[in-house]
S.K.: 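Shown below is the structure under consideration.
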There are 2 protein chains.
Amino acid sequence: MEIDFQKSGGLVPVIIQDEHTSDVLMLGFMNAAALAETQRTGEVVFFSRSRNTLWKKGESSGHLLKVREVRVDCDADALLVRVKPVGPGVCHEGYRSCFFRSLQTDGKTKIIAKRVFDPEKIYRTEKKP
Amino acid sequence: MEIDFQKSGGLVPVIIQDEHTSDVLMLGFMNAAALAETQRTGEVVFFSRSRNTLWKKGESSGHLLKVREVRVDCDADALLVRVKPVGPGVCHEGYRSCFFRSLQTDGKTKIIAKRVFDPEKIYRTEKKP
């Protein structure tokens with residue numbers, strides 16, 4: 001099956017889901033090379049839109065995402081990667097999931113999770129790109 | 001909090017997750033108007049990239065997505081909408097989730113779910129845009 005990388009300019013959105021809790025941890029993007037590298041290594045590799053390069057999740061923090069299953073949607077233009085996360089959390093702000101805020105209808109947000117690590121100690125040299 | 005619609009040309013990717021099972025049902029896109037309409041009506045409204053217009057999920061099938069919570073990620077450029085789905089499934093191919101196929105490392109796919117409705121009977125006039 002051919003993944004449709006063309007709809008979003010060579011990229012597909014990739015949902016990262018914890019295989020055990022089914023929590024959605026983050027959303028990233030992959031190009032064909034990132035998907036190939038993810039499949040070759042068994043660890044999630046994204047394409048960083050800001051740095052315009054491949055980006056292994058956890059390369060600086062050690063919080064790698066071990067791939068358990070890759071699913072593809074009906075139109076083959078989005079991926080769902082079920083993972084075993086290494087480390088306490090995936091978010092560069094110190095949370096288990098990047099989706100740690102609830103958006104209210106008035107546009108305000110509310111933090112709905114607890115910090116699980118101190119990002120200052122983990123990301124010494126580099127923030128999430 | 002301002003949602004960052006600019007990174008993907010006026011759109012943000014939106015993950016739809018079943019509030020009870022935590023299954024990821026589909027991924028769509030919203031522009032600012034789609035998000036406003038989603039929040040106003042309490043039912044998911046996407047922006048259709050192929051039709052270039054707002055698209056209420058379920059408008060033809062009746063399989064609406066009732067919004068239970070909207071979450072936003074750390075960079076405010078992706079949304080996670082937890083929903084109560086109306087109807088047996090969200091996928092225009094008759095499955096509960098659009099992510100009904102597993103992608104193998106050789107590029108082949110394997111169907112990992114069962115059809116829950118007959119799309120020919122539901123989508124009489126219109127397929128998913």
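Every chain is numbered from 1 and lettered A, B, ... according to where its sequence line falls, protein lines coming before strand lines.
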S.K.: Distance-only, no hydrogens or angles: does the B:E93 side chain make a donor-acceptor pair with backbone N or O of A:D75 under 3.5 Å?
M.R.: no

S.K.: Looking at CD of B:Q39 and CD of A:Q104, how far apart are the two atoms once the value is rounded to the nearest 0.5 Å?
M.R.: 9.0 Å

S.K.: Quick one, A:S8 and B:R49 - any side-chain contact, counting heavy atoms below 4.5 Å?
M.R.: yes

S.K.: Please report the closest heavy-atom contact between A:F99 and B:L79, naming both atoms and the distance.
M.R.: CE2-C, 3.7 Å

S.K.: Where on B:F29 is there a heavy atom nearer than 4.5 Å to chain A: the side chain, the backbone, both, or neither?
M.R.: side chain

S.K.: Answer with side chain, backbone, both or neither: which region of B:I112 has an atom nearer than 4.5 Å to a non-hydrogen atom of chain A?
M.R.: side chain

S.K.: Would you say the side chains of B:S102 and A:E69 form a donor-acceptor pair under 3.5 Å?
M.R.: yes

S.K.: Counting distance only, does the side-chain N/O of A:Q17 pair as donor-acceptor with the main-chain N or O of B:S22 below 3.5 Å?
M.R.: yes

S.K.: Quick one: do the B:R40 and A:T105 side chains pair a donor with an acceptor below 3.5 Å?
M.R.: no

S.K.: Identify the two heavy atoms, one from B:C74 and one from A:H92, that lie closest to each other, and give their separation to 0.1 Å.
M.R.: SG-CE1, 3.6 Å

S.K.: Is the side chain of A:R71 donor-acceptor paired with the backbone N or O of B:F100 at a distance under 3.5 Å, no angle test?
M.R.: no

S.K.: A:L27 and side-chain contact (heavy atoms from CB on, under 4.5 Å): which single residue from B:V12, B:D77, B:L27, B:V14 fits?
M.R.: B:L27

S.K.: State yes or no: do B:F46 and B:V67 share one hydrophobic cluster built from I, L, V, M, F, W and Y residues joined by side-chain heavy-atom distances below 4.5 Å, directly or via other members?
M.R.: yes

S.K.: Roughly how far, to the nearest 0.5 Å, is the CG atom of B:L103 from the CG atom of A:D73?
M.R.: 11.5 Å

S.K.: Output the option from A:T38, A:V70, A:D23, A:L11 having the highest count of non-hydrogen pairs under 4.5 Å with chain B.
M.R.: A:V70

S.K.: Could you see if B:V90 belongs to whatever hydrophobic cluster contains B:I16? Use Ile, Leu, Val, Met, Phe, Trp, Tyr and a side-chain cutoff under 4.5 Å.
M.R.: yes

S.K.: With only heavy atoms counted, which part of B:K110 is less than 4.5 Å from chain A, the side chain, the backbone, both or neither?
M.R.: neither

S.K.: Do A:V45 and A:F47 belong together in a cluster built from hydrophobic side chains that touch within less than 4.5 Å?
M.R.: yes

S.K.: B:I15, B:T21, B:D106, B:I3: which one forms the most heavy-atom pairs within less than 4.5 Å of chain A?
M.R.: B:I15

